[in-house]
Enquirer: 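I have a structure here, written as structure tokens, and I will follow up with some questions on it.
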Amino acid sequence: MTVRGLTLVALAVLSSAAQAQTPTETTHALDRVLTQGEVRPLAAIAAVRLRHGRVAYSYYGGFARQSPDGAVPVGPQTLFRIASISKVVTTIGLMELVEEGKINLDHDASDYLGFRLRNPDFPQTPITVRMLLNHTSSIRDADGYTLPPDQRISEFFDAIRKPGDPGYHFAHGDGHAPGTWFEYCNLCYGLVGTIMERASGERFDHYQQTHVLDPLGIDGGYNRMVLAHPDRLATLYSHQPRGWEAETDTQPLTPSWNAASLASYTPGTNGTLFSPQGGLRISMEGLTRLARFMLGHGTLDGRTLLSQHSIDLMQTPTWQYDGRNGDCPYPIASYGLSMARLTGARDSSGHETRPYKGYSGDLAGHLGDAYSLHSGFWYDPATGDGFLFAANGFPDAGQEQPGAYSSFTRIEEEIFTALAEAGTSAP
């Protein structure tokens, strides 16, 4: 579906109507990013600046989706398919099972999956759950990382798939044993979702809803067909010369899988169905609650889901780039259990992991990049400061304006820069 472009004036009107606060330098800066930051205007920017764990500034500009009645403005409760920030929420669910003693991070993942998971180049080296979480497993996304309900995730690793095939999902011939080399891998989180299903006996989307999202009071979910508020869901668009093209989550919603195949699905056979790596729909209100949960060391509003020890494990890097132990196009130079740290260290592209000029912090969190959306979930565990955002309506993947000084996109750098000084005084 293609939506003809809104004018710059219309986007500015939507921005002013949505954010409902006295215009500030930050608001004007983000208005400029929304309308002029890319080769064509973005569809939406939603952004929150936290200081000491509290919302100090927020911005909502552009539209969540087009409808027959006109553009629906983006707001605090707009649900975005938030991409790889989903990994953090998936890992919270996993860590609950770790605390229950059902999963050991350093145990051979094969025993939890029910099939032997080994890189044929290193048949004697177990691939552990921790390696799946920190992208050092030697597993590769190859030609895809999602399968329908009637297929098993083990099929990704069938012996009929050989090195050189587009569907071969192991690193081959590079000499890097599991645990020694970082290479970003979404399929690993499909394996994590499968492990969670086998350990809990519940389908991944159900487990996450009942054990993570509902207890934290976070609206949204991994299954768009059962969202409590589907009217809040944003459509993700790419902005082409001919207009905005819908990428996913168009209204009326249609299921990814047919009801019959889901009804006959056996949990623990294919955890990729609801995209543990990127399929969470969540709002800025939800990301704010998530940040408060992490800053609260596993407790939010008196409800404890994880111990401080588990939160520390998630945030603490288990891999750090040393110049020769990884390759990643993103601004990642250190990584823990689904979480990166922005310390300023150089990533494998040679860029410093500084989201804005003058940055000298230690933000923990994750970025998101899928379906022409870029998102950020970043907070400082020591100070409670944070940067939360979703920007929708980029050009096609790979056509974004590159960052001026980092491996973030130019838009992400500009959002960070605009938010850096926001909320230092009352409006």
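Note: hydrogens, waters and symmetry copies are ignored here, and every other heavy atom, side chains too, is used.
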Enquirer: Distance under 6.0 Å and angle within 45° of the ring axis: does Arg81 meet both against Tyr371?
Expert: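 No, cation not above the ring by the 6.0 Å, 45° rule.
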Enquirer: If you take the centroid of each ring, where Trp contributes its six-membered ring, are Tyr222 and His206 closer together than 6.0 Å?
Expert: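 Ring centroids of His206 and Tyr222 are no less than 6.0 Å from each other.
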Enquirer: Taking all non-hydrogen atoms of both residues, which atom of Ser58 and which atom of Val48 are closest, and how far apart?
Expert: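 For Ser58 versus Val48, the nearest heavy atoms are CB-CG2, 4.2 Å.
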Enquirer: Under 3.5 Å, is there a donor-acceptor pair between the Ser238 and Gln240 side chains?
Expert: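 Their side chains do contain a donor-acceptor pair, which is all the 3.5 Å distance test asks for.
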Enquirer: So His374 and Phe394, would you call those rings parallel, tilted or perpendicular, with 30° and 60° as cut-offs?
Expert: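 Tilted: the ring planes of His374 and Phe394 meet at 30° to 60°.
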Enquirer: Does the side chain of Tyr379 pick up a donor-acceptor pair with the side chain of Gln315 at under 3.5 Å?
Expert: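 The answer is yes; a qualifying pair exists.
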Enquirer: Tell me the closest heavy-atom pair linking Arg289 and Ile218, and the distance in Å.
Expert: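 The answer is CB-CG1, 4.0 Å.
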Enquirer: Could you pull out the closest heavy-atom pair between Glu197 and Gly268, with the gap in Å?
Expert: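 Heavy-atom minimum between the residues: OE1-N, 2.6 Å.
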Enquirer: Classify the side-chain pair Thr26/Glu421 by whether it contains a donor and acceptor separated by less than 3.5 Å.
Expert: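 No, no side-chain donor-acceptor contact under 3.5 Å.
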Enquirer: Please tabulate, one pair per line, all N/O donor-acceptor pairs under 3.5 Å involving side-chain atoms of residues 146-155, not counting sequence neighbours.
Expert:
residue : atom : partner : partner atom : Å
Gln151  : NE2  : Glu155  : OE1          : 2.8
Glu155  : OE2  : Arg152  : N            : 3.0

Enquirer: Hey, are Tyr184 and Ser84 close enough side-chain-wise for a donor-acceptor pair under 3.5 Å?
Expert: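 Note: Ser84 and Tyr184 side chains meet the donor-acceptor criterion.
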Enquirer: Please report the shortest heavy-atom distance between Val74 and Ala46, naming the atom on each side.
Expert: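 Nearest heavy atoms, Val74 then Ala46: CG2-CB, 4.3 Å.
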Enquirer: When you check the side-chain N and O atoms of Ser138 and Asn119, is any donor under 3.5 Å from an acceptor?
Expert: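 The criterion, which ignores hydrogens and geometry beyond distance, is satisfied for Asn119 and Ser138.
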Enquirer: Listed by chain and number, what are the ring pair (Phe, Tyr, Trp, His ring centres under 6.0 Å) partners of Tyr265, not counting sequence neighbours?
Expert: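 With neighbours one apart ignored, the set is empty.
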Enquirer: Is there side-chain contact between Ile332 and Trp319, with heavy atoms separated by less than 4.5 Å?
Expert: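 In short, these two side chains touch, coming nearer than 4.5 Å.
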Enquirer: If I compare all heavy atoms of Tyr237 with all of Ala64, which pair ends up nearest, and what's the gap?
Expert: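 What the structure gives for the nearest pair is CE1-O, 4.0 Å.
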Enquirer: Side chains of Thr409 and Glu412: do they bring a donor and an acceptor to under 3.5 Å?
Expert: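 Glu412 and Thr409 do have a side-chain donor-acceptor pair below 3.5 Å.
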Enquirer: Checking His135 against Tyr335: is there a side-chain donor and acceptor pair closer than 3.5 Å?
Expert: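 A donor-acceptor contact under 3.5 Å links the two side chains.
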Enquirer: Compute whether any side-chain donor of one residue and acceptor of the other, for Ser67 and Asp69, lie under 3.5 angstrom apart.
Expert: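 Result is no, nothing qualifies.
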Enquirer: Could you tell me whether the side chains of Thr235 and Gln251 share a donor-acceptor contact shorter than 3.5 Å?
Expert: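 Side-chain D/A pair, Thr235 to Gln251: absent.
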